[in-house]
A.B. asks: 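This structure is in structure tokens; I'll ask about it shortly.
FYI, side chains are in, hydrogens and waters are out, and symmetry mates aren't considered; it's all heavy atoms of this structure.
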Amino acid sequence: MKIFIASKNKGKINEIKYCLRRMDVEFSSLLDTPDIPDIEETGKTFEENAWLKAEQVFKLTGMPVIADDSGLEVDILNGEPGVYSARYAGENASDDDNCNKLLEKLTSVKDDDRKANFRCVIVFYDGADKNVFEGVCTGSVIYEKRGDNGFGYDPLFVP
């Protein structure tokens, strides 16, 4: 079976491949197909954005698609960065830029008010059925980045 991963994020692609490593699946991704244009995430929810990507990539490839949208939701910031997690510090922001903006916004916030959720919504679409999966990990945002194996907000989020 062939499945297309609708992402250019190496970290996400590697995580999906790792989670499905025991399946007899051949994966392709947006990194393998530079001719597929970027898909604008115009949804107001993680599910809407994941579905936009799944539907558009399926139309272009005809392959079953795994698409996701995920991000960090900080309680005291009314859910920010939320669906804007990847572009929190601007359209072409790096992970470091986004983490630094978050730390800046939380400068005077104490431990008890640093509660956050990491939310991930995955859509699997094969042209007939749309399957939606959602996971939430609760935790908090620490005061400075640590670790070196993650991406995105991983250096700041502690489950």
A.B. asks: Scan for salt bridge (charged side-chain N to carboxylate O under 4.0 Å, His left out) pairs involving residues 103-113, sequence neighbours excluded, and state none if there are none.
C.D. replies: E80-K105
A.B. asks: Give the table of side-chain donor-acceptor pairs shorter than 3.5 Å for residues 5-13, with sequence neighbours excluded, one pair per line with atom names and distance.
C.D. replies:
unit_1, atom_1, unit_2, atom_2, d
S7, OG, N9, N, 3.0
K8, NZ, D38, OD1, 2.5
N9, OD1, G11, N, 2.9
N9, OD1, K12, N, 3.0
K12, NZ, D68, OD1, 3.4
K12, NZ, D68, OD2, 3.2

A.B. asks: List the atom of G82, the atom of S85, and the distance in Å for their closest heavy-atom pair.
C.D. replies: O-OG, 2.6 Å
A.B. asks: To the closest 0.5 Å, what do you measure between SG (C120) and CZ (F46)?
C.D. replies: 9.0 Å
A.B. asks: Could you pull out all residues at least two apart from N98 that satisfy side chain to side chain donor-acceptor pair (under 3.5 Å)?
C.D. replies: none
A.B. asks: Can you give me the closest heavy-atom contact between P34 and L31, atom names plus distance?
C.D. replies: CD-O, 4.5 Å
A.B. asks: Does N49 reach the main-chain N or O of G43 with its side chain, forming a donor-acceptor pair under 3.5 Å?
C.D. replies: yes
A.B. asks: Report whether M23 and F27 are members of the same hydrophobic cluster (ILVMFWY, side-chain heavy atoms less than 4.5 Å apart, transitive linking).
C.D. replies: yes
A.B. asks: State whether the side chain of E55 and the backbone N or O of W51 hold a donor-acceptor pair below 3.5 Å, judged by distance alone.
C.D. replies: no
A.B. asks: Would you please name every residue forming a side chain to side chain donor-acceptor pair (under 3.5 Å) with R146, sequence neighbours left out?
C.D. replies: none
A.B. asks: By side chain to side chain donor-acceptor pair (under 3.5 Å), which residues pair with D97, not counting sequence neighbours?
C.D. replies: S94
A.B. asks: Applying side chain to side chain contact (heavy atoms under 4.5 Å, CB included), can you list everything that pairs with T42, at least two apart in sequence or on another chain?
C.D. replies: E40, L52
A.B. asks: I'd like to check the side chain to side chain contact (heavy atoms under 4.5 Å, CB included) partners of M1; sequence neighbours left out, ordered by chain and number.
C.D. replies: I3
A.B. asks: Can you name the nearest heavy-atom pair linking C99 to G152, along with the distance?
C.D. replies: SG-O, 3.3 Å
A.B. asks: Return all side-chain donor-acceptor pairs below 3.5 angstrom for residues 122-132, not counting sequence neighbours, or 'none' if the list is empty.
C.D. replies:
unit_1, atom_1, unit_2, atom_2, d
Y125, OH, G127, O, 3.3
D126, OD1, A128, N, 2.9
D126, OD1, D129, N, 2.8

A.B. asks: Does S140 reach the main-chain N or O of R114 with its side chain, forming a donor-acceptor pair under 3.5 Å?
C.D. replies: no
A.B. asks: If we only count heavy atoms from C-beta on, is the D69 to K53 side-chain gap below 4.5 Å?
C.D. replies: yes
A.B. asks: In the structure I gave you, are the side-chain heavy atoms of N117 and L72 within less than 4.5 Å of one another anywhere?
C.D. replies: no
A.B. asks: For T45 and E48, indicate whether the former's side chain and the latter's backbone hold a donor-acceptor pair under 3.5 Å.
C.D. replies: yes
A.B. asks: If you draw the axis of the six-membered ring of Y84, does the NZ or CZ of R87 fall within 45° of it and under 6.0 Å from the ring centre?
C.D. replies: no
A.B. asks: Honestly curious: do V74 and Y88 fall in one hydrophobic cluster under the side-chain, below-4.5 Å linking rule?
C.D. replies: yes
A.B. asks: May I ask whether V136 and I76 are part of the same hydrophobic cluster, defined by side-chain heavy atoms of I, L, V, M, F, W, Y residues being less than 4.5 angstrom apart, directly or through others?
C.D. replies: no
A.B. asks: Kindly state each residue pair satisfying ring pair (Phe, Tyr, Trp, His ring centres under 6.0 Å) with at least one member in residues 135-159, sequence neighbours excluded.
C.D. replies: none
A.B. asks: Kindly compute the distance separating CG (L156) from CZ (F118), expressed to the nearest 0.5 Å.
C.D. replies: 13.0 Å
A.B. asks: Which residues pass the side chain to side chain contact (heavy atoms under 4.5 Å, CB included) test with K2, sequence neighbours left out?
C.D. replies: E26, M63
A.B. asks: Should I66 and L20 count as side-chain neighbours, where that means a heavy-atom distance under 4.5 Å?
C.D. replies: yes
A.B. asks: A quick test of your reading: do over 12 heavy atoms of other residues, nucleotides or ligands sit less than 6.0 Å from CG of D24?
C.D. replies: no
A.B. asks: Assess whether side-chain contact (heavy atoms from CB on, under 4.5 Å) is satisfied between L77 and L102, documenting all intermediate values.
C.D. replies: CA-CA 10 Å; L77 299 178; L102 181 61; 3.6 Å; yes
A.B. asks: R119: which residues meet the salt bridge (Lys or Arg N to Asp or Glu O under 4.0 Å) condition with it, sequence neighbours left out?
C.D. replies: E73, E134
A.B. asks: Checking D96 now: which residues fulfil side chain to side chain donor-acceptor pair (under 3.5 Å) with it, not counting sequence neighbours?
C.D. replies: K145
A.B. asks: Hey, could you give me the CD1/CD distance between I39 and Q56, rounded to the nearest 0.5 Å?
C.D. replies: 5.0 Å
